[in-house]
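Report on the structure given below.
What you see below is based on every heavy atom in this structure, not just the backbone, and it leaves out hydrogens, waters and symmetry mates. Since the model is a prediction, treat every value here as computed from it, not as a measurement. Labels below follow one simple rule: chain letters A, B, ... track the order of the sequence lines, proteins then strands, and each chain is numbered from 1.
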There are 2 protein chains.
Amino acid sequence: MTGVTIAEAAETVGLSADTLRYYEKDGLLLRPVPRSSSGHRSYGEPDLRWIKLVTCLRATGMPIRDVRRYAALVRDGEGNEEERLALLHAHRDSVLRELAEVTAHLGAIDHKIGIYEHKLELVEQSA
Amino acid sequence: MTGVTIAEAAETVGLSADTLRYYEKDGLLLRPVPRSSSGHRSYGEPDLRWIKLVTCLRATGMPIRDVRRYAALVRDGEGNEEERLALLHAHRDSVLRELAEVTAHLGAIDHKIGIYEHKLELVEQSA
DNA sequence: GTCGCTGCTGGAGTGCACTCCAGGTCAAGG
DNA sequence: CCTTGACCTGGAGTGCACTCCAGCAGCGAC
């Protein structure tokens with residue numbers, strides 16, 4: 001087989017081996033990762049590609065539960081593309097809302113930083 | 001007094017009354033909120049302004065622990081402005097990194113969405 | 001053949017940020 | 001008076017997403 005070990009997989013996708021096992025147990029993957037004769041996991045290219053997509057979804061704040069639903073849809077095969085698309089669209093919208101909110105709050109923080117910088121500048125001048 | 005009740009405060013800052021009590025107990029506020037004769041909290045304008053700043057920090061992902069450190073600095077009074085500024089700068093940087101990462105991952109998701117939309121378009125055409 | 005390493009499983013533990021609850025106080029309304 | 005409702009306190013409980021652990025198996029190196 002051409003698969004890689006869980007340690008290598010963890011390295012390439014940027015997760016811990018524990019997290020990879022956890023994702024698999026929790027139904028976030030498309031299938032149980034194939035095992036070698038000794039029972040060790042052997043990750044193939046498609047497994048790694050899927051896990052990278054999962055990290056995209058997770059890194060943008062999609063809850064585990066929704067990733068599981070999406071994985072289930074993909075597992076079920078063709079015919080439910082609209083549902084998958086709806087799920088991704090909904091997520092995209094929530095990410096955009098979150099980005100807008102964070103950006104707005106960041107503006108307030110920047111303002112605060114500006115105030116402190118101004119204050120410290122004055123101190124420096126008077127010193 | 002001119003203060004407002006915890007319910008009103010919760011309403012205006014967008015947190016629950018429980019969370020406001022929790023923040024106070026946990027040292028995220030500049031001082032214990034003043035009480036009425038009957039022991040009820042009475043939030044004044046400065047309290048509300050500070051809590052709004054706290055929500056800015058929290059909404060941008062600053063951990064409770066760091067908010068507490070920042071509150072402690074402000075409580076300690078003038079003289080540590082550089083430290084406060086450093087804390088805010090560090091936070092700002094981490095928020096920017098996070099925004100960049102989320103935006104990048106969002107791009108990948110958008111790409112995925114594009115693929116599905118294209119696929120569904122073809123189906124529609126052939127129908 | 002035994003040492004060390006990597007991996008396996010099931011399940012317990014952790015950290016974070018709330019959220020909920022029991023049991024009680026107080027003030028106003030009927 | 002008695003009830004109702006908002007609030008009080010200390011402390012327990014919750015949900016999420018991991019993270020760690022004990023105990024065991026296979027495998028290559030020495």
Side-chain angles (χ1 to χ4, degrees), chain A residues 1 3-29 31-44 47-48 51 53-71 91 94 98 101-102 105, chain B residues 1 3-29 31-44 47-48 51 53-71 91 94 98 101-102 105:
Chain A
M1 254 187 284
V4 303
T5 68
I6 195 169
E8 288 162 339
E11 169 74 15
T12 64
V13 302
L15 296 171
S16 72
D18 270 316
T19 300
L20 287 180
R21 280 188 286 255
Y22 162 63
Y23 280 3
E24 181 178 341
K25 218 192 302 188
D26 229 47
L28 271 59
L29 305 191
R31 52 165 189 178
V33 176
R35 310 303 161 106
S36 72
S37 60
S38 59
H40 289 201
R41 287 171 177 82
S42 176
Y43 293 81
D47 299 303
L48 295 176
I51 293 167
L53 174 59
V54 170
T55 63
C56 269
L57 297 174
R58 290 288 305 120
T60 49
M62 182 184 284
I64 293 283
R65 156 179 23 100
D66 291 0
V67 178
R68 186 166 40 228
R69 287 210 308 123
Y70 184 65
H91 179 57
S94 87
E98 176 70 12
E101 199 197 316
V102 169
H105 283 135
Chain B
M1 257 187 282
V4 303
T5 68
I6 194 168
E8 288 162 337
E11 170 73 16
T12 64
V13 302
L15 295 173
S16 73
D18 269 317
T19 300
L20 287 180
R21 281 188 285 255
Y22 162 63
Y23 278 3
E24 182 178 340
K25 219 192 301 189
D26 229 48
L28 270 58
L29 306 191
R31 52 166 191 179
V33 175
R35 310 303 163 106
S36 74
S37 61
S38 59
H40 289 201
R41 287 172 179 79
S42 176
Y43 293 81
D47 299 303
L48 295 176
I51 294 167
L53 174 58
V54 169
T55 63
C56 268
L57 297 174
R58 290 288 306 120
T60 49
M62 183 183 283
I64 293 282
R65 158 178 22 102
D66 292 1
V67 178
R68 186 166 41 227
R69 288 208 309 121
Y70 185 65
H91 179 57
S94 89
E98 177 70 11
E101 199 196 316
V102 169
H105 283 134

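Between the CD atom of A:Glu24 and the CD1 atom of A:Ile6 there is a distance of 7.5 Å, given to the nearest 0.5 Å. Taking CZ of A:Arg21 as the reference point, atom CG of A:Asp18 lies at 5.0 Å (rounded to 0.5 Å).
Straight-line distance from the CD1 atom of B:Ile6 to the P atom of D:dA6: 13 Å, rounded to whole Å. One interatomic measurement links the two molecules: CG of B:Asp18 to C1' of D:dC7, which rounds to 11 Å at whole-angstrom precision. Atoms CD (B:Glu11) and P (D:dA6) sit 14 Å apart, rounded to a whole Å.
Nucleic acid contact for B:Ala17: none, since no nucleic acid atom lies under 4.0 Å from a heavy atom of the residue. Among the atoms of the strands shown, base atoms are found under 4.0 Å from some heavy atom of A:Arg21.
Each of B:Met62 and A:Lys25 was assigned the nucleotide of DNA chain C with the nearest heavy atom; the assignment lying further toward the 5' end belongs to A:Lys25. Along DNA chain D, the nucleotide nearest to A:His40 and the one nearest to A:Tyr23 differ in position, and the one closer to the 5' end is contacted by A:Tyr23. The nearest heavy atom of DNA chain C to B:Ser38 and to B:Arg58 marks one nucleotide each, and the one closer to the 5' end goes with B:Arg58.
Residues A:Asp47 and A:Pro34 form a side-chain contact, since some pair of their non-hydrogen atoms from C-beta on lies under 4.5 Å apart. Looking only at side-chain heavy atoms (C-beta outward), B:Tyr43 and B:Thr12 stay at 4.5 Å or farther from each other. No side-chain heavy atom of A:His40 sits less than 4.5 Å from a side-chain heavy atom of A:Arg35. Between B:Met62 and B:Val54 the shortest side-chain heavy-atom distance does not fall below 4.5 Å.
A:Ala71 and A:Gly27 get closest at one heavy-atom pair: CB-O, 3.8 Å.
Summary for the helix from C:dG1-D:dC30 to C:dG30-D:dC1: the axes at its two ends, each from 5 pairs, differ by 10° when rounded to the nearest 10 degrees.
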Pair A:Thr60-A:His91, side-chain hydrogen bond (donor to acceptor under 3.5 Å, both in side chains): steps then yes or no
CA-CA 9 Å; A:Thr60 49; A:His91 179 57; 2.7 Å; yes
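Nucleotides of DNA chain C with any atom under 4.0 Å from a heavy atom of chain B span, from 5' to 3', C:dC16 to C:dC26.
Listed by chain and number, the residues in a side-chain contact (heavy atoms from CB on, under 4.5 Å) with B:Arg69 are B:Asp66, B:Leu87 (sequence neighbours excluded).
Contact between the side-chain N/O atoms of B:Arg41 and the OP1/OP2 oxygens of D:dC7 is not found at any separation under 4.0 Å.
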